[in-house]
Visitor: 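Just passing along the structure, written as structure tokens.
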Amino acid sequence: MDTEIVDFTQIQKAVAFLREGKPVAFPTETVYGLGASVFCEAAISKIFHIKNRPADNPLIAHISDIQQLSLLCKKIPLQASLLCKHFWPGPLTIVLEKREAISKLIGLSTIAVRMPSHPIALSLIRNLDEPIVAPSANLSGKPSPTCAKDVFEDLQGKIELILDGGPCDIGIESTVISFVGEKPLLLRPGLITKQELEEQLQSEIAFPSDSTPHHSPGMKYRHYAPKAKIKLCYNKSEMQGPFILSLQPQQGEKLLNSQTLYAHFREADRLNVETIEIECSSELMQNAALFNRIQKACEGV
Ligand code: TXA
Ligand code: MG
């Protein structure tokens with residue numbers, strides 16, 4: 001068994017900053033988040049400023065206890081409650097109707113909520129005793145941070161504290177599902193798959209269409225993007241190097257999986273790599289979450 005030592009004094013320090021309205025970065029099992037109390041408008045607006053995030057891209061609220069859900073949402077549909085019981089704490093975000101008292105900066109009429117499983121994230125929320133809203137702790141448009149050093153690279157000098165929990169286990173953002181419309185919609189694929197969700201619900205989940213009113217606003221922006229151009233290669237002979245990512249790397253190639261994707265993107269930028277070549281095997285295309293992030297990174301390049 002791995003025993004993790006979490007420095008409690010640092011968590012208290014982070015809580016103190018949050019109480020003063022100063023955003024802090026903390027690890028979750030997916031990616032690092034940049035957090036503020038759900039009740040502190042001034043700190044929430046600082047998050048948008050620090051990240052240079054468009055104001056119409058809403059934030060996820062993180063809770064440590066299922067009881068906190070009713071502070072944020074008007075009602076919890078039975079299907080949503082089934083998923084929370086099964087997948088929380090963990091990398092699943094559900095979108096519900098927001099209580100009016102909750103700041104409009106977080107979202108207009110809806111709110112996305114998740115209970116992370118990372119011990120530091122849970123401890124931070126418990127000690128603050130308030131839900132924490134947190135987008136990924138990167139500058140908008142850059143790949144999400146999967147270790148404390150990535151957060152430092154983007155936000156040094158802009159925030160007071162980064163809680164270091166080592167590298168994130170999952171490495172890509174949570175699955176997002178909405179229960180706001182008539183039927184559940186999968187807004188963002190993640191480690192928890194559509195099939196796993198459907199199995200629990202015993203019913204089908206749809207994808208949003210372009211005309212769906214509650215389509216996740218964040219998905220319209222170019223995301224997860226390195227500066228380098230990304231080239232999808234459908235057979236080995238197309239790949240020239242030197243920066244090749246593959247699920248089954250051969251000599252000189254780099255191992256691609258959800259934990260390493262964003263780290264490779266950041267490394268490519270540090271090295272000023274011109275082109276990242278990705279071996280696009282059928283196995284990779286079947287990995288909905290990982291392939292979604294790669295496609296997002298390709299968009300607009
Ligand atoms: O794994 C994660 O979800 C990480 C960690 C820190 O929890 N957070 C994260 O947050 O990825 P962010 O802000 O980078 O991405 C949140 C996504 C965006 O695409 C946003 O548009 C969508 O969730 N979202 C947030 N609130 C929403 C809402 N009320 N309705 C629809 N989509 C929403
Ligand atoms: Mg993000």
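Just follow the structure's listing: the first ligand is 1, and inside any ligand the first atom is 1. Small disclaimer: the values here were computed from a predicted structure and weren't measured.
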Visitor: Who pairs with Lys158 by salt bridge (Lys or Arg N to Asp or Glu O under 4.0 Å), at least two apart in sequence or on another chain?
Guide: none

Visitor: Atoms of ligand 1 less than 4.0 Å from Pro135 heavy atoms?
Guide: 10 (O), 12 (P), 13 (O)

Visitor: At under 4.0 Å between heavy atoms, is it the side chain or the backbone of Ile111 that contacts ligand 1, or both, or neither?
Guide: backbone

Visitor: At under 4.0 Å between heavy atoms, is it the side chain or the backbone of Glu29 that contacts ligand 1, or both, or neither?
Guide: neither

Visitor: side-chain hydrogen bond (donor to acceptor under 3.5 Å, both in side chains) between His118 and Glu29: does it pass, once the steps are laid out?
Guide: CA-CA 5 Å; His118 196 292; Glu29 71 279 23; over 6 Å; no

Visitor: Within the 4.0 Å heavy-atom shell around Leu59, which atoms of ligand 1 are there?
Guide: 26 (N)

Visitor: Partners of Glu20 by salt bridge (Lys or Arg N to Asp or Glu O under 4.0 Å), sequence neighbours excluded?
Guide: Lys22

Visitor: Could you tell me which atoms of ligand 1, counted from 1 in the order shown, lie closer than 4.0 angstrom to a heavy atom of Thr110?
Guide: 28 (C), 29 (N), 30 (N)

Visitor: Go through ligand 1 atom by atom and flag the ones less than 4.0 Å from a non-hydrogen atom of Ala112.
Guide: 25 (C), 26 (N), 27 (C), 29 (N)

Visitor: For a distance under 2.8 Å, tell me if Asn138 has an N/O/S atom near the Mg ion (ligand 2).
Guide: no

Visitor: Any heavy-atom pair between the side chains of Pro58 and Leu105 that's under 4.5 Å?
Guide: no

Visitor: Any side-chain heavy atom of Ile132 within less than 4.5 Å of one from Phe26?
Guide: yes

Visitor: Give a yes or no on whether Lys13 atom NZ has more than 12 heavy-atom contacts from other residues, nucleotides or ligands under 6.0 Å away.
Guide: no

Visitor: Below 4.0 Å from any atom of ligand 1, is there a heavy atom belonging to Gly107?
Guide: no

Visitor: If you measure every N/O of Asn57 against every N/O of ligand 1, is any gap under 3.5 Å?
Guide: yes

Visitor: Hey, which of Glu279, Glu283, Glu253 is the one that makes side chain to side chain donor-acceptor pair (under 3.5 Å) with Gln248?
Guide: Glu283

Visitor: Polar-atom distance check: Arg53 versus ligand 1, any N or O pair below 3.5 Å?
Guide: yes

Visitor: Taking only heavy atoms of His62 into account, list the atoms of ligand 1 that are under 4.0 Å away from them.
Guide: 5 (C), 6 (C), 7 (O)

Visitor: With atoms numbered from 1 as shown, which atoms in ligand 1 lie under 4.0 angstrom from a non-hydrogen atom of Ser174?
Guide: 1 (O), 2 (C), 3 (O)

Visitor: Would you mind listing which atoms of ligand 1 come within a distance below 4.0 Å of any non-hydrogen atom of Leu187?
Guide: 31 (C), 32 (N)

Visitor: Considering the heavy atoms of Thr30, write down every atom of ligand 1 situated less than 4.0 Å from one of them.
Guide: 1 (O), 2 (C), 4 (C), 5 (C)

Visitor: Does Lys98 have a non-hydrogen atom less than 4.0 Å from ligand 1?
Guide: no

Visitor: Within the structure, does Arg114 bring an N/O atom to less than 3.5 angstrom of an N/O atom in ligand 1?
Guide: yes

Visitor: Taking all atoms of both residues into account, what is the closest heavy-atom pair of Lys149 and Arg270, and its distance?
Guide: NZ-NH2, 3.8 Å

Visitor: Looking only at side-chain N and O atoms, does Thr28 offer a donor or acceptor that is under 3.5 Å from a partner on Arg114?
Guide: yes

Visitor: Of all heavy-atom pairs between His264 and Phe243, which one has the smallest distance, and what is that distance?
Guide: O-CZ, 3.5 Å

